[in-house]
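Take this structure first; my questions come after.
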Amino acid sequence: GRHLLRHTLVVAEFALALTLLTGGGLTIQSLINIARTDLGFRSEGLFTFYLPIQDARLESAGEIDAFYQEFAERVRAVGSVTSVSYSSGMPAAGAFSGIAFTIAGRPVSDRTQRPSARFNQVSPAYFETLGVRITRGRAFTEADRTGAVLVAIVNETFVKRYFPDVDPLTQRVVIEQFNPGVTNLGPGIERQIVGVSADLRNLGPASESLPEIHVPFAQSTWARNWMAVRTVGDPLALQQPIAAVVRSIDPDL
């Protein structure tokens, strides 16, 4: 009886050990797969931070646009910096706002039933700085400003869902216009789609991509934004030089 019990225990321990080894191997493989997941942007060599500017500090669209242009120029002058961008949302860090929209030529009878997409106001260097690929059309340029044709860039998930059988570069989206520095929304306006960007996994490596609409910052300004700085050196080495730039522009920020 003792031999049978010992034999049973050995078999049970071996089975348990094999189960643990198998589970551990699967866990390690899952972690490796997650680590290899393409997030849609290049995180290496990237330094990001948020500017919690008070609403009273910048009131008009012109003031907001000028402030961030000057700020980006000063940061770009820091040694080892190759590119600087600013945006209302940041991949995997700051959630983009959601905004309701319609497709031009496809009116809806009930505005409350409009679909929604993640919405991001970005500077022209946003896609370059973050390493987000433009798969069709073009990125934004400095010419995409107030007074120019209103434009937008959508991501691949947006195209798959809403333009499966048409060229997205021939389409326009109708979205409400953000007023500078406040959350009130104006009437819907049409924006020509000029580009399609690669999908971003904003909710983590295992998340699915959501429809996104990007618009030029100069055509839709916002006071509080994320900054992204790409460098050829150690990103953490930029912390003190950039902090000095912030103090030189606004010691209270």
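Note that the structure is a prediction, hence the values are computed from the model and not measured.
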TODO: Test V173 against I103 for side chain to side chain contact (heavy atoms under 4.5 Å, CB included), laying out the working first.
DONE: CA-CA 5 Å; V173 291; I103 306 299; 4.1 Å; yes
Task: Verify same cluster id: I99, V174 (apolar side-chain graph, 4.5 Å) - done: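 No, because I99 and V174 fall into different hydrophobic clusters, even though each may have its own neighbours under 4.5 Å.
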Task: Residue pair V84 / A125: nearest heavy atoms and the distance that separates them - done: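 Closest approach of V84 to A125: O-CB, 3.3 Å.
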TODO: Determine whether Q171 and Y162 make a side-chain contact, defined as any pair of heavy atoms from C-beta on separated by less than 4.5 Å.
DONE: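 Side-chain contact under 4.5 Å: no.
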Open item on the list: side chain to side chain contact (heavy atoms under 4.5 Å, CB included), that's the test. Do D167 and R136 meet it? Break it down for me.
Closed with: CA-CA 10 Å; D167 182 358; R136 299 182 67 174; 3.1 Å; yes
- [ ] Might you point out which heavy atoms bring V215 and A152 nearest each other, and give the distance in Å?
- [x]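 What the structure gives for the nearest pair is CG1-CB, 4.3 Å.
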TODO: Kindly write out the residues that satisfy salt bridge (Lys or Arg N to Asp or Glu O under 4.0 Å) with R133, not counting sequence neighbours, or none if the list is empty.
DONE: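 Applying salt bridge (Lys or Arg N to Asp or Glu O under 4.0 Å) to R133 gives none.
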Task: Residues that R106 engages under salt bridge (Lys or Arg N to Asp or Glu O under 4.0 Å), provided they are two or more places apart - done: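 Here no residue qualifies.
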Task: For the student: nearest non-hydrogen atoms of S209 and D199, plus distance - done: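 It is OG-CB, 3.2 Å.
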Task: Worked verdict on L130 versus M90 for side chain to side chain contact (heavy atoms under 4.5 Å, CB included) - done: CA-CA 9 Å; L130 290 169; M90 182 67 64; 3.8 Å; yes
TODO: Answer yes or no: is there an ion pair linking E70 with R74, defined by an N-O contact shorter than 4.0 Å?
DONE: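 Counted as a salt bridge, because a side-chain N and a carboxylate O are separated by less than 4.0 Å.
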Task: Under 3.5 Å side-chain donor-acceptor pair for N155 and S197 - done: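 No.
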TODO: Starting at CD of Q69, measure out to CD1 of I64 and round the result to the nearest 0.5 Å.
DONE: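 Q69 CD to I64 CD1: 12.5 Å, rounded to 0.5 Å.
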Open item on the list: E44: which residues meet the salt bridge (Lys or Arg N to Asp or Glu O under 4.0 Å) condition with it, sequence neighbours left out?
Closed with: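 Counting only residues at least two positions away or on another chain, E44 forms a salt bridge (Lys or Arg N to Asp or Glu O under 4.0 Å) with R42.
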- [ ] List in chain and number order the residues that pass side-chain hydrogen bond (donor to acceptor under 3.5 Å, both in side chains) with S123, two or more places apart in sequence or in another chain; answer none if no residue qualifies.
- [x]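 For S123 there are no side-chain hydrogen bond (donor to acceptor under 3.5 Å, both in side chains) partners, ignoring immediate neighbours.
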Task: Closest contact, heavy atoms only, G195 versus L169 - done: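 Smallest interatomic distance, heavy atoms only, reads N-CD2, 3.6 Å.
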Task: Gap between atom CG of D144 and atom CD1 of I153 - 0.5 Å precision - done: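 Reported value, rounded in 0.5 Å steps: 8.0 Å.
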Task: Main-chain N/O of I53 paired to R224 side chain as donor or acceptor, under 3.5 Å - done: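 Pair found, side chain donor or acceptor close to backbone of I53.
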Open item on the list: What I'd like to find out is whether the side chain of F47 reaches to under 4.5 Å of the side chain of V81, using heavy atoms alone.
Closed with: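 They are not in side-chain contact.
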- [ ] Any pair with a residue in residues 228-244 that passes side chain to side chain donor-acceptor pair (under 3.5 Å), sequence neighbours left out, goes on the list, sorted by first then second residue, please.
- [x]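 Found S80-T231.
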Task: Full working for side chain to side chain contact (heavy atoms under 4.5 Å, CB included) between R57 and L51 - done: CA-CA 12 Å; R57 169 69 170 78; L51 291 180; over 6 Å; no
Task: Closest non-hydrogen atom pair between L46 and A228, with its separation - done: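 It is CD1-CB, 4.4 Å.
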Task: Centroid-centroid distance, F127 to H214, less than 6.0 Å - done: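 Ring centroids of F127 and H214 are less than 6.0 Å from each other.
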Task: Evaluation steps, side-chain hydrogen bond (donor to acceptor under 3.5 Å, both in side chains), between D65 and T221 - done: CA-CA 7 Å; D65 189 34; T221 57; over 6 Å; no
- [ ] Look up atom CZ in F217 and atom OG in S85, then write down how far apart they are to the nearest 0.5 Å.
- [x]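 One gets 11.0 Å once the value is rounded to the nearest 0.5 Å.
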Task: Plane angle bin for F158 and F163 - parallel if under 30°, tilted between 30 and 60°, otherwise perpendicular - done: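 Judged by the thresholds at 30° and 60°, the geometry between F163 and F158 is tilted.
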TODO: Measure the spacing between CD of E176 and CD1 of I189 and express it to the nearest 0.5 Å.
DONE: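 The CD atom of E176 sits 10.0 Å away from the CD1 atom of I189.
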Task: Which atom of W226 lies closest to which atom of S88, heavy atoms considered - done: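 That closest heavy-atom pairing would be CD1-O, 3.8 Å.
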Open item on the list: Once rounded to the nearest 0.5 Å, what's the spacing between atom CD1 of I175 and atom CD1 of I213?
Closed with: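 Between I175 CD1 and I213 CD1, I get 5.5 Å after rounding to 0.5 Å.
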Open item on the list: Working to the nearest 0.5 angstrom, can you tell me the gap between N120 CG and N225 CG?
Closed with: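 Rounded to the nearest 0.5 Å, the CG-CG separation comes out at 9.0 Å.
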Task: Whether T157 side chain and L210 backbone form a donor-acceptor pair below 3.5 Å - done: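 Side chain of T157 to backbone of L210: no pair is present.
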TODO: Using side-chain hydrogen bond (donor to acceptor under 3.5 Å, both in side chains) as the criterion, list what pairs up with R191, not counting sequence neighbours.
DONE: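 Listed in chain order: Q177, Q219.
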Task: Validation row, ring centre Y86 to ring centre F71 under 6.0 Å - done: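 Between Y86 and F71, the centre distance exceeds or equals 6.0 Å.
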